[in-house]
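What follows is a set of notes on a single structure, which appears directly below.
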Amino acid sequence: MGSLLATSRSGAGDSPAQAGSTRTPAWPHRHLLDTDVLTWPQVELVLDTADVMAEMVARKRPRSDALRGVGVTNLFYEASTRTRVSFEVAAKHLSADVVNVSVTGSSIEKGESLLDTMRTLESLGARVLVIRHATSGAPYLVAREFGGSVVNAGDGRHAHPTQALLDLYTLRRHVPGGTLQGRKVVILGDVLHSRVARSNLWTLTAAGADVWLCGPATLLRGFEAWAAAGVGGVRRFTVTSDVTAALRDADAVMALRLQQERMAAGLLPSVHEYAARFGLTAERLRLAREGCLVMHPGPMNEGVEIAPDVAAGPASLIKRQVANGVAIRMAVLSLVTSAAARGEAGS
Amino acid sequence: MTSSVRHRAGAEIGRAVELDLSGAWLVDPASGRQGPGELVVRDGRIEAITWLDGPDAAGIDDGGVIVGPGFIDLHAHLREPGNEAAETVASGLAAAAHGGFTTVCAMPNTSPPTDRAEMVQAARAAVAAAGSPVRLLQVGAATVGRAGEQLAPLGELADAGVVGFSDDGSPIQRPELLRNAFAYAGMLGLPLIDHPEDLAQTSGAEAHDGLVATALGLRGWPVAAESSAVARDIDILAEVVRDVPGARLHLTHLSTAASIGHVRDAKAAGLPVTCDVTPHHLALTDEWLAGSRRWAWAALDADGRPRDPWRDHVLEADPYDSALRVNPPLRSAVEARACLEGLVDGTIDAVATDHAPHSQVDKDVEFGLARPGIAGIETALGVLLEAVEAGLLPLARAIEVLTAGPARVLGRAGGSPGLVEGALADLVVVDRGARWTIDAGALRTRGWGNPLLGRSLPGSILLTVAGGRLAYEVDGH
């Protein structure tokens, strides 16, 4: 097969500012590997489709036949509850045949390559492969060879496209006016290791948000240069370790999970110091606009990157994120399988 | 006038060459001369060289058939013994000849490594069995098992004919051991070849620590991990040479401006330091990991500032191509430009391929799990000629860094590459104007994957003659 990339990978070209265009939304992507390839109309198509899916889920019997007879395999090389179950529920709502495969490192020890595993699952009927992998870029390798659709459920530090889409969906539903244009959105914490931050950077800047990345300097390595270059070479964002400046007048804050191994790697002195300086507390949140939306991709370390009262506070969207995740994943599964049925090659 | 290349048709590899070349552009780094000429080889010896001028030279330029000395590769991996699925001595030498190389320095990181004299003899036997006239020079391990703990039997290895010592991909980390290796190798009159990398800074590293790695979520391999190792090597060498004047350092596959700056300073101070750069660090950049396929020099603007591949809409290939995983990693366009400038100004002595073939099992995997290495011995000339076409590298310098440059690094073992009447013919005949397409069928290496697959390069090699004998002949010639 040819390149995975039927369209330019330079990202969401048509920003909401130009969204008056009459361009027909189309979904050319057989795979969803990252948000960087999505044009703004394509992002909106996912969100609009998710609206339809959300309504369906809200009905008593949330079933569609859209994926009846379609094998959806969740291939998870990293432990995950939230994302795996979310994909599973989404696929079942669409009447897909769902198979879950967890291979936490063992297959590598047994010597089976990722491509061999993929071919086995394909032979067993997988038409959609939802893959989570610790190595950045692994889904691209699978997509190169797989006959069906590949959906990236998180690869290393690189991307988590359905998370970014559900974050955008959630924000748009709750931000006053329903648009992120000019809204200040802060991503706070371990940006360096975060695939959520990277995928959100593409979609949030495409949505016209004023994106701020904030965290300790050791966990922002490389991002200052990216900010100078701009996302897609054009869309600016701000990088700072000044949590006060970041949170001041913010419309939304997304706290990121801090892993224990960051201390062992010498990136941070201690969990205590991190919580004291960068934890999202009620006191810090008072710097933001009233009603500032609070998000977290989960799983949370309450008392570390986010205080329990903030996570459970009135402006917290954390539970909504989880619920919206199902609708977004239903939308993505239905869009990529439609593209595959039409014979699209694009990612 | 048109070029004519006549030699005995259907000659077998290894047979003595009979050759009549006319209308060619001769490049002789030994005399520093280049120009139109004729060359006659009889029974493997250069019988006559005629430099043409006036009307006889009319119509002959450096864009057609070019003849130069056979190339010398200071750094190649032939994988035998231990990983014959990736390469053998026979396939590696066939690939070398296809790339115009008549001398190849084999690195010691085989399995087991070349840390004993018997291993050198075994390599020599494999060359004889391969039947290739390409000359194989062996680099011995610097430490036992390339483990960096104790010196390998350097004297025995020297007696067996090695041309230098290196632990290559597992560079000596302990400064005291490095100091002793310099001194002992220097006593034997041989260089220590270092792959400069501070391993403490590169644990888990996947890509050049820059914009592309940040965007792609790849763990960064910092410039400082190379340049600090270069500085350490040079500082220790500077002390050792006071006691051991024969001590020499050759730094291989430099990839950063900072490293090249250290070498420039060391050379200015008169220290016995040489270095090489690979074709891929000259011409490819980390942008390629994101899917760009433009040459390094096209990724800079007129002021030498890096361009953005996303803004330029040049991401045409799939990202994370594991064929691009290499150590040191492909750098930014700014670092690549520094390498090219160092090559042109003489700071860098040679181009070496670091031909590093891997089997499909080791390479056709997730980017971060793929073994690092590019098997580029067959595409080295083509890549350099792209830099020549871009006007950034004089043709004569391109030939020099593949011939006289590496020969000087090797000293006595390198000989003096040139076009000399009466000498055994050791030369390469290239049709510079003929582009050839890099596809798996065109390559002789067993190595899986090549970042240039599907592209074409200038400079189809018509003939490679090593030690008077035919090493490679283009199909149908």
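Quick note on labels: first sequence line is chain A, next is B, and so on, each numbered from 1. Since the model is a prediction, treat every value here as computed from it, not as a measurement.
Note on ring orientation: taking the six-membered ring where Trp is involved, the planes of B:Tyr320 and A:Tyr140 are tilted (angle from 30° to 60°).
Looking at heavy atoms from C-beta onward, A:Leu114 lies out of side-chain contact with B:Val365 at the 4.5 angstrom threshold. For the pair B:Pro222/A:Arg221, a side-chain contact is recorded, criterion being any heavy-atom separation below 4.5 Å from C-beta on. Between A:Leu141 and B:Asp364, the closest side-chain pair of non-hydrogen atoms falls below 4.5 Å.
Atom NE2 of A:His193 sits about 9.0 Å away from atom CZ of B:Arg219, to the nearest 0.5 Å. Rounded to the nearest 0.5 Å, atoms CG (B:Leu369) and OG (A:Ser113) are 10.5 Å apart. Distance check, rounded to the nearest 0.5 Å: CZ of A:Arg144 to CG of B:Asp321 gives 8.0 Å. How far CD of B:Glu366 is from CG of A:Leu115: 7.5 Å, rounded to the nearest 0.5 Å.
In this structure, no portion of B:Arg307 lies under 4.5 Å from any heavy atom of chain A. When heavy atoms are compared at a cutoff of 4.5 Å, A:Ala138 approaches chain B by way of both its backbone and its side chain.
Taking a 6.0 Å sphere around CD of A:Glu261, one finds it holds more than 12 heavy atoms contributed by other residues, nucleotides or ligands.
Looking only at heavy-atom pairs under 4.5 Å with chain A, the residue among B:Asp308, B:Asp209, B:Thr214 that has the most is B:Thr214. Note: B:Gly217 leads B:Gly217, B:Ser203, B:Gly368 in heavy-atom pairs under 4.5 Å with chain A. Your options are B:Ala213, B:Gly210, B:Ala215, and the one with the most heavy-atom pairs under 4.5 Å with chain A is B:Ala215.
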